[in-house]
Amino acid sequence: MFESIIKNITRFITLTPEEEKIFTDLLVCEKFPKKTVLLREGEICQFEGYIHKGCLRMYCLDDNGTEVTLLFAIEDWWISDIASFQEQKPSKVYIETLEDSEIYMLNPATKEKLLNEVPKFERVFRMLVQRNLTTLQSRLVDTISKSASNRYLEFIKVYPSIPQRVAQYYIASYLGVSKEFVSTIRKRLASKEK
């Protein structure tokens, strides 16, 4: 049952059978239908979740109340509002399932227990935060320095399965362009492939 998350974790550390059991005993497996909002702006994030199955997005609202997609997360990725979870302060974002999803979750108490009982998990969570920061930094640089067309090409490199899994307007929101632009560039790329 926990094979995928154990494989994810053991990219960073080696676990003994006892440590693996401590970890899996602390995980809660939750199933959520499509369009479930797991976190709302103003709430305190109470989970760090590993996506076993499904697709989620994190988004915020701009001054006009328009949703701006910040990231997508799919199988074998982790999702949380790290700042809200760590500091136990109100979130500025929403996290929503875009597909029926199955997520292995830790809450602040179970994560703390895990870190106390298996200290080497500090490395896992440090590596996850570093990867998250690298991804966000890369996205920021791309947004500032690349054309919309090149941002789309970069997007499909990072998220090759997302265009088949989510509505076009979510991708447009992520890229900061209109859904018509996404449609046009997809048609242009499709015609080049022929």
Self-check item: Steps toward side-chain contact (heavy atoms from CB on, under 4.5 Å) verdict (Leu26, Ile22)
Solution: CA-CA 6 Å; Leu26 291 170; Ile22 290 168; 4.3 Å; yes
Exercise. Consider only side-chain heavy atoms of I, L, V, M, F, W and Y, link residues closer than 4.5 Å, and tell whether Phe85 and Met58 are in one cluster.
Key: no
Practice problem: Under the side chain to side chain donor-acceptor pair (under 3.5 Å) rule, what do Asn132 and Thr135 come out as? Steps first, then yes or no, please. | Solution: CA-CA 5 Å; Asn132 185 275; Thr135 301; over 6 Å; no
Quiz item: Counting N and O atoms only, with roles assigned by atom type, does the side chain of Glu75 sit under 3.5 Å from a partner on the main chain of Gly54, one being a donor and the other an acceptor?
Solution: yes
Quiz item: Thr36 side chain to Phe32 main-chain N or O, any donor-acceptor pair under 3.5 Å?
Solution: no
Quiz item: Can you find a pair of side-chain heavy atoms, one from Val141 and one from Ile144, that are under 4.5 Å apart?
Solution: no
Quiz item: Where the side chain of Thr143 meets the backbone of Arg139, is there a donor-acceptor pair that is under 3.5 Å apart?
Solution: yes
Quiz item: Are Ser80 and Tyr50 side-chain neighbours, meaning at least one heavy-atom pair lies under 4.5 Å?
Solution: no
Exercise. Apply side-chain contact (heavy atoms from CB on, under 4.5 Å) to the pair Tyr152 and Val182, showing each step before the final yes or no.
Key: CA-CA 8 Å; Tyr152 180 80; Val182 173; 4.1 Å; yes
Exercise. Report yes if some heavy atom in the side chain of Glu41 is under 4.5 Å from a heavy atom in the side chain of Pro90; otherwise report no.
Key: no
Self-check item: Transitive ILVMFWY side-chain link Ile5 to Ile51, under 4.5 Å
Solution: no
Quiz item: Okay, side chain of Glu43, backbone of Arg40: is any donor-acceptor separation there less than 3.5 Å?
Solution: yes
Self-check item: Donor-acceptor pair between Asn8 and Trp78 side chains, under 3.5 angstrom
Solution: yes
Quiz item: Checking side-chain contact (heavy atoms from CB on, under 4.5 Å) against Phe47, which of Val28, Leu38, Leu106, Thr110 comes through?
Solution: Leu38
Quiz prompt | Distance (rounded to the nearest 0.5 Å) between Thr24 OG1 and Leu15 CG | solution = 9.5 Å
Quiz prompt | Neighbour count above 12 (heavy atom, 6.0 Å) for Lys120 NZ | solution = yes
Quiz item: Do other residues, nucleotides or ligands put more than 12 heavy atoms under 6.0 Å from Gln137 CD?
Solution: no
Practice problem: Mind listing the closest non-hydrogen atom pair of Lys89 and Ser84 along with its distance? | Solution: O-OG, 2.6 Å
Quiz item: Are side-chain heavy atoms of Pro108 and Gln88 found at a separation under 4.5 Å?
Solution: yes
Self-check item: Criterion salt bridge (Lys or Arg N to Asp or Glu O under 4.0 Å) on Glu67 and Arg57, from CA distance to verdict
Solution: CA-CA 11 Å; Glu67 294 178 3; Arg57 76 177 177 125; 2.3 Å; yes
Self-check item: Beyond-backbone contact of Thr16 with Glu20, side-chain heavy atoms, under 4.5 angstrom
Solution: no
Self-check item: Minimum side-chain heavy-atom gap Phe72-Trp77 below 4.5 Å
Solution: no
Self-check item: Full working for salt bridge (Lys or Arg N to Asp or Glu O under 4.0 Å) between Arg126 and Glu122
Solution: CA-CA 6 Å; Arg126 178 175 52 81; Glu122 290 277 358; over 6 Å; no
Practice problem: Flag yes if Leu115 and Val129 sit in one hydrophobic cluster, no otherwise; membership is Ile, Leu, Val, Met, Phe, Trp, Tyr, and two members link when side-chain heavy atoms are under 4.5 Å apart. | Solution: no
Quiz item: side-chain contact (heavy atoms from CB on, under 4.5 Å) between Ser149 and Phe181: does it pass, once the steps are laid out?
Solution: CA-CA 9 Å; Ser149 297; Phe181 176 84; 3.7 Å; yes
Quiz prompt | Hphob cluster co-occupancy, Leu27 + Phe12, side-chain heavy atoms under 4.5 angstrom | solution = yes
Quiz item: Side chain of Thr134, backbone of Gln130: donor and acceptor closer than 3.5 Å?
Solution: yes
Quiz item: How many angstroms lie between NZ in Lys53 and OG in Ser4, if you round to the nearest 0.5 Å?
Solution: 12.5 Å
Quiz item: Are the side chain of Ser91 and the backbone of Gly42 linked by a donor-acceptor contact shorter than 3.5 Å?
Solution: no
Quiz prompt | Which atom of Gln164 lies closest to which atom of Pro160, heavy atoms considered | solution = OE1-O, 3.2 Å
Quiz prompt | Whether Thr97 side chain and Leu56 backbone form a donor-acceptor pair below 3.5 Å | solution = no
Practice problem: Walk me through it: do Ser101 and Lys34 pass the test side-chain contact (heavy atoms from CB on, under 4.5 Å)? | Solution: CA-CA 7 Å; Ser101 299; Lys34 179 179 179 176; over 6 Å; no
Quiz prompt | pair Phe121-Ile9: side-chain heavy atoms closer than 4.5 Å | solution = yes
Quiz item: Any side-chain heavy atom of Phe23 within less than 4.5 Å of one from Ile6?
Solution: yes
Practice problem: Would you confirm whether Thr10, through its side chain, and Ile13, through its main-chain N or O, come within 3.5 Å as a donor-acceptor pair? | Solution: no
Quiz item: Hey, is the main chain of Lys179 close enough, under 3.5 Å, to the side chain of Ser183 for a donor-acceptor pair?
Solution: no
Quiz item: With the threshold set at 4.0 Å, does a side-chain nitrogen-carboxylate oxygen contact exist between Glu154 and Arg151?
Solution: no
Practice problem: Using modelled atom types only, decide if a donor and an acceptor are shared between the side chain of Asp142 and the backbone of Lys146 within a distance under 3.5 Å. | Solution: no
Quiz item: What distance separates Ile95 CD1 from Leu71 CG, expressed to the nearest 0.5 Å?
Solution: 7.5 Å
Quiz item: Rounded to the nearest 0.5 Å, what separation is found between the CG atom of Asp76 and the NZ atom of Lys7?
Solution: 8.0 Å
Quiz item: Is the Lys NZ or Arg CZ of Arg165 less than 6.0 Å from the centre of Tyr159's six-membered ring, within 45° of the axis?
Solution: no
Exercise. Enter the distance from Asp81:CG to Glu48:CD here, rounded to the nearest 0.5 Å.
Key: 10.0 Å
Self-check item: Residue pair Ser173 / Thr69, side-chain donor-acceptor N/O under 3.5 Å
Solution: yes
Exercise. Taking all non-hydrogen atoms of both residues into account, name the closest pair between Ile103 and Gly49 and its distance.
Key: CG2-CA, 3.6 Å
Quiz item: His52 vs Tyr104 aromatic rings, parallel, tilted or perpendicular, using cut-offs 30° and 60°?
Solution: tilted
Practice problem: Say whether Tyr59 and Ile74 are linked into one hydrophobic cluster, either directly or through other cluster members, by side-chain heavy-atom distances under 4.5 angstrom. | Solution: no
Quiz item: Between Thr14 and Glu19, what is the shortest heavy-atom contact and its length?
Solution: O-OE1, 3.9 Å
Quiz item: To the nearest 0.5 Å, how far apart are CG in Asn116 and CD in Glu112?
Solution: 5.0 Å
